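This report concerns only the one structure given below.
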Amino acid sequence: MSVAAKVTAVLGAFLPGDVRLTLTEICRRAGLPLTTGHRLVGELTARGFLERLPEGSYRVGRLLWRIGAQAAEPRELRELALPYMAELYATTRENVQLAVLGEGRVLCLERLRGPHSVPVFSRVAGELPLHATGVGKVLLAFAAEETVERVLAAPLAAVTPNTITDPGRLRAELAEVRRTGLAHTQEEMSIGTLSAAAPVRDGDDRVVAALSVVVWRHSADLRRLDPAVLGAARALSRDLAAIS
């Protein structure tokens, strides 16, 4: 491995969304000997790409965060989306999420939540399964056919007892998402929750993101949530189309 390959392997160890990793975990994921990893991690920490925490683990440093924040497409989408996400949160007082399609996973670009919002697994730059989340179902429903077939051909992990793990059933649900423009989950990612999600489109009518609200299932009112999510997603789509 070249030096550049080793450095990217070390930084890539954080890609699954883990906030903190030990040196041993970094080296194992990067496929590097402990001595080599120790040296590279030390140099990256000294330069601000990584940060060493008091208990000895490491996380992404501010310099790497600042560089990543300059990625044009996610930044522009996030900045356009924030006013609509804030309005959607003000309407529902629940978790609001903006996500895009990653490498076979959901990539969370932004999340808004309040003190009484239902706890969720998502975090900014974190990844979630496509088949178990509302945003994931939207992104998968409108993804390229080869992407859909690859996901359906792989084992669909049961995150909860209610997660859809049957490819035929998931395929039918994706067809319904394409028909209605809405996706729902009911306790499929976490027990006690429900989500409603809608697609965000660009000027060429391509689905480039998904917007969702995650609420407690017992208090959910889809007659209120669905129009709110659809309205926010469509408003954001109009803004995207205007700059495309």
Side-chain angles (χ1 to χ4, degrees), residues 1-81 97-111 120-133 135-136 138-140 142-157 159 189 200 202 206-210:
M1 294 177 68
S2 66
V3 174
K6 292 174 183 176
V7 169
T8 54
V10 168
L11 297 178
F14 292 87
L15 278 178
D18 294 300
V19 177
R20 301 180 180 186
L21 293 175
T22 66
L23 178 62
T24 301
E25 289 170 333
I26 293 171
C27 293
R28 184 177 69 251
R29 292 185 178 187
L32 296 173
L34 192 59
T35 53
T36 302
H38 183 270
R39 176 175 56 80
L40 288 175
V41 168
E43 292 178 4
L44 290 168
T45 302
R47 287 165 172 75
F49 290 95
L50 297 177
E51 179 183 352
R52 190 174 189 274
L53 300 172
E55 79 280 6
S57 63
Y58 295 85
R59 66 183 177 190
V60 170
R62 292 184 180 181
L63 180 57
L64 188 60
W65 176 81
R66 288 173 60 193
I67 292 172
Q70 300 308 306
E73 187 175 351
R75 186 185 72 247
E76 291 172 358
L77 177 57
R78 176 182 171 275
E79 289 174 352
L80 280 176
Q97 300 178 126
L98 176 71
V100 296
L101 182 63
E103 293 296 325
R105 303 271 288 177
V106 171
L107 177 62
C108 181
L109 289 189
E110 186 57 88
R111 185 191 74 170
V120 294
F121 289 100
S122 66
R123 59 175 177 266
V124 175
E127 294 181 328
L128 294 170
L130 287 164
H131 68 289
T133 58
V135 286
V138 167
L139 295 168
L140 190 58
F142 294 97
E145 184 177 350
E146 56 266 27
T147 300
V148 176
E149 294 305 320
R150 185 167 60 250
V151 171
L152 292 177
L156 300 172
V159 185
M189 189 66 204
V200 176
D202 65 9
R206 297 175 302 182
V207 173
V208 295

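Counting begins at 1 with the first residue of the sequence. Model, not experiment: these values are computed from the prediction.
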Residue pair L130 / L139: nearest heavy atoms and the distance that separates them: CD2-CB, 4.4 Å
Contacts of R206 that satisfy side chain to side chain donor-acceptor pair (under 3.5 Å) - sequence neighbours left out: D202
Qualifying salt bridge (Lys or Arg N to Asp or Glu O under 4.0 Å) pairs with a residue from residues 49-60, counting only residues at least two apart or across chains: R20-E55, E51-R59
Point-to-point distance, once rounded to the nearest 0.5 Å, from CD1 of I26 to CG of L32: 10.0 Å
Sole residue of V100, V200, L101, V106 in side chain to side chain contact (heavy atoms under 4.5 Å, CB included) with V135: V106
Test side-chain contact (heavy atoms from CB on, under 4.5 Å) applied to A81 - qualifying residues, sequence neighbours left out: M85, L98, L236
Salt bridge (charged side-chain N to carboxylate O under 4.0 Å, His left out) involving E103 - partner list, sequence neighbours excluded: none
Exercise answer: donor-acceptor pairs, residues 144-151 side-chain atoms, under 3.5 Å, sequence neighbours excluded:
residue: E149; atom: OE1; partner: R171; partner atom: NH2; Å: 3.3
residue: E149; atom: OE2; partner: R171; partner atom: NH1; Å: 2.9

Separation of R105 CZ from T133 OG1 (nearest 0.5 Å): 9.0 Å
pair L21-R29: side-chain heavy atoms closer than 4.5 Å: yes
Shortest non-hydrogen contact between V159 and P129, atoms and distance: CG2-CG, 4.1 Å
Could you pull out every donor-acceptor pair under 3.5 Å between side chains of residues 33-47 and any protein atom, sequence neighbours left out?
residue: T45; atom: OG1; partner: V41; partner atom: O; Å: 2.7

Exercise: identify the closest heavy-atom pair between F14 and Y58: CE2-O, 3.4 Å
A157 backbone acceptor or donor facing H131 side chain under 3.5 Å: yes
